[in-house]
Amino acid sequence: APAPAPAPAPASPCDGAPGKWKEQNGVVMIEAERIDYPLYDSKWSLESMGGETYLEYDKDNSWTGVYKIDQVGKLCYPVTFSSTGLWKFEFKNVNGHKTEHNDAFVKMAGLPWWGVQEGKDPKVSANRLKLGTKYLKAYRNRNPGTWAWDTRTVDFDAHGLYFQIGSPISTEVCLAGRSTKFGVGKLLMYNVNKVPAWTARESAETLECGGTITYTPFEPAPAPENALWQGKGRIAQSYDGNYHDKDDWGAVPLMWAILDAAGVQNQVVHVDYNNHLGDTAPVWERNMTESTENGATYFGFTNTRIYNDQQQLSAAITSLKNECDKSTADDPLFIIAAGPMETVWRAIAESQSTKRKHIHVISHSKWNNEHYHTPNVHRRADIENLGINWHQIPDQNSGFYTSFADYGFLRNGDPKYVWVYNRIQASGKPDASDAGMAYWFVTGDEFGTLAKVRDFMGL
């Protein structure tokens with residue numbers, strides 16, 4: 001006989017009355033489904049496994065990308081802490097895959113997160129990495145389809161999640177969907193000076209009925225009205241970096257980070273690099289491979305087709321031409337042109353002429369627009385003459401060619417951002433100005449600065 005369906009979600013945690021979760025003996029334990037979750041975000045569903053009910057996010061969606069925090073609703077549980085000291089956060093979870101469908105966002109309202117590397121003593125302050133007050137990715141890497149308390153943050157350098165309570169406080173712990181097919185059964189917070197992990201995990205729910213809960217339905221944040229990107233269409237990019245100037249060694253990684261913050265992993269369909277045809281420098285080519293292909297992996301652009309124009313020029317042109325031919329009013333193509341125009345021109349020239357009115361090319365550099373170095377013989381005017389939409393924004397050097405110190409916010413302990421900083425430094429110049437096109441594309445701000453980018457990325 002089929003397994004019985006899970007019971008419907010309660011209207012509120014206390015059978016129609018408000019409630020909150022209060023510390024008991026150094027522990028706050030929450031059953032994740034004890035909240036009016038459909039009101040927050042309808043992608044959550046009530047499921048059961050092994051006799052335990054839990055919430056699963058977007059369970060019928062096999063997409064391997066991730067949602068951004070402004071694309072999802074938040075489940076916020078009111079909590080009260082009475083004992084001071086260092087606390088640890090964990091959730092009992094079940095994942096759909098070992099390294100995909102394996103994470104969610106979490107936040108302690110008003111309390112900064114601290115990360116502690118696995119195996120280090122969290123009670124030693126020197127072992128703690130400050131992670132800020134924003135929503136963090138919390139993930140696990142254990143076998144799929146199993147229950148675990150495994151809760152980590154910081155990609156490629158697992159840290160446990162901690163927070164400090166300086167005096168008794170009432171606040172909220174918030175949960176939000178990030179990857180699909182990921183389930184959360186319980187949220188656990190425990191005072192590490194009072195309770196060992198194994199005791200805390202066996203605790204009963206610490207729900208107390210009474211008080212007030214305010215539910216706020218989720219509404220996705222709209223795109224800025226003056227941004228070219230309005231949430232529909234596809235994105236392509238074309239870079240050089242293999243001759244004349246090393247700046248793209250750092251610009252490409254920062255571009256990945258900006259587009260990651262914009263949540264467009266599934267919309268970036270094509271990238272080609274080393275697009276200075278003819279003369280080239282093999283060592284520079286290899287650096288661009290590191291910046292482009294490894295960057296895509298770091299930031300989750302796993303479905304993007306990527307081509308090295310020095311080795312795959314024909315395939316790159318065909319890929320970009322095919323994307324041009326898909327273009328419609330409801331599905332336009334945006335091409336960020338960050339190098340000589342030859343590769344982009346060849347692809348558009350081979351495309352269907354009736355599709356070109358739905359193709360947009362973005363540039364900030366007069367040097368790129370007019371560069372003529374055989375066989376790079378086609379320039380801005382040649383592309384415009386094909387009937388596309390050209391967007392020339394101000395040169396971005398003033399905001400992005402500054403000092404290495406201004407890029408220091410990337411050295412925040414998160415390996416992927418540290419990697420971006422290291423790639424900028426490897427170029428020998430603090431110039432990621434081509435990344436300003438990505439910032440303009442998603443915000444509409446022609447006068448981007450590194451301070452604005454830092455805020456946009458939430459760092």
Side-chain angles (χ1 to χ4, degrees), residues 6-41 44-48 51-57 73-94 104-113 133 135-136 138 147 149 151 161-177 183-218:
S12 74
C14 296
D15 296 325
K20 58 185 175 182
W21 289 263
K22 297 185 69 174
E23 176 187 344
Q24 294 180 15
N25 302 316
V27 174
V28 176
M29 177 71 82
I30 301 170
E31 296 283 349
E33 70 272 16
R34 298 271 296 207
I35 198 168
D36 198 353
Y37 56 86
L39 186 60
Y40 285 94
D41 190 334
W44 289 106
S45 61
L46 187 66
E47 308 297 329
S48 64
E52 185 163 343
T53 56
Y54 65 98
L55 295 182
E56 185 170 349
Y57 198 71
K74 289 80 177 174
L75 311 186
C76 290
Y77 304 79
V79 293
T80 297
F81 301 98
S82 53
S83 67
T84 60
L86 187 66
W87 286 66
K88 187 174 186 184
F89 172 87
E90 297 179 345
F91 52 22
K92 188 175 184 180
N93 58 78
V94 57
F105 288 112
V106 295
K107 177 181 180 178
M108 293 297 305
L111 297 174
W113 288 116
T133 58
Y135 278 90
L136 291 184
W147 284 113
W149 286 99
T151 309
L161 274 169
Y162 295 82
F163 57 95
Q164 189 82 28
I165 299 294
S167 60
I169 186 174
S170 293
T171 183
E172 292 180 323
V173 58
C174 298
L175 171 72
V184 178
K186 297 179 180 181
L187 307 176
L188 169 65
M189 291 137 281
Y190 61 95
N191 190 321
V192 299
N193 294 309
K194 290 180 171 291
V195 189
W198 63 269
T199 299
R201 293 168 185 168
E202 295 297 322
S203 299
E205 186 176 23
T206 61
L207 174 65
E208 180 178 288
C209 294
T212 302
I213 299 178
T214 302
Y215 295 110
T216 304
F218 169 62

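Positions are given from 1, in the same order as the sequence printed here.
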Tabulate below the donor-acceptor pairs under 3.5 Å that side-chain atoms of residues 192-199 make, not counting sequence neighbours, or state none.
none

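- Listed by chain and number, the residues in a salt bridge (Lys or Arg N to Asp or Glu O under 4.0 Å) with Lys22 are Glu208 (sequence neighbours excluded).
- Applying the side-chain hydrogen bond (donor to acceptor under 3.5 Å, both in side chains) rule to Thr171 yields no partners; only residues at least two apart in sequence or on another chain are considered.
- Under the 30°/60° scheme for interplanar angles, the aromatic rings of Trp87 and Phe163 are found to lie parallel.
- Between the side chain of Asp41 and the backbone N or O of Lys74 there is no donor-acceptor pair closer than 3.5 Å.
- For the pair Trp21 and Arg34, the minimum side-chain heavy-atom distance is below 4.5 Å.
- Applying the side-chain hydrogen bond (donor to acceptor under 3.5 Å, both in side chains) rule to Gln164 yields no partners; only residues at least two apart in sequence or on another chain are considered.
- Proximity of Leu187 to Phe89: side-chain heavy atoms (C-beta onward) are separated by under 4.5 Å at one or more points.
- Partners of Glu31 by side-chain hydrogen bond (donor to acceptor under 3.5 Å, both in side chains), not counting sequence neighbours: none found.
- Between the side chains of Ser82 and Glu23, a donor-acceptor pair is found at a separation under 3.5 Å.
- To the nearest 0.5 Å, atom OG1 of residue Thr133 and atom CH2 of residue Trp113 are 11.0 Å apart.
- Residues passing the side chain to side chain contact (heavy atoms under 4.5 Å, CB included) test with Val94 are Met49, Tyr54, Trp147, sequence neighbours excluded.
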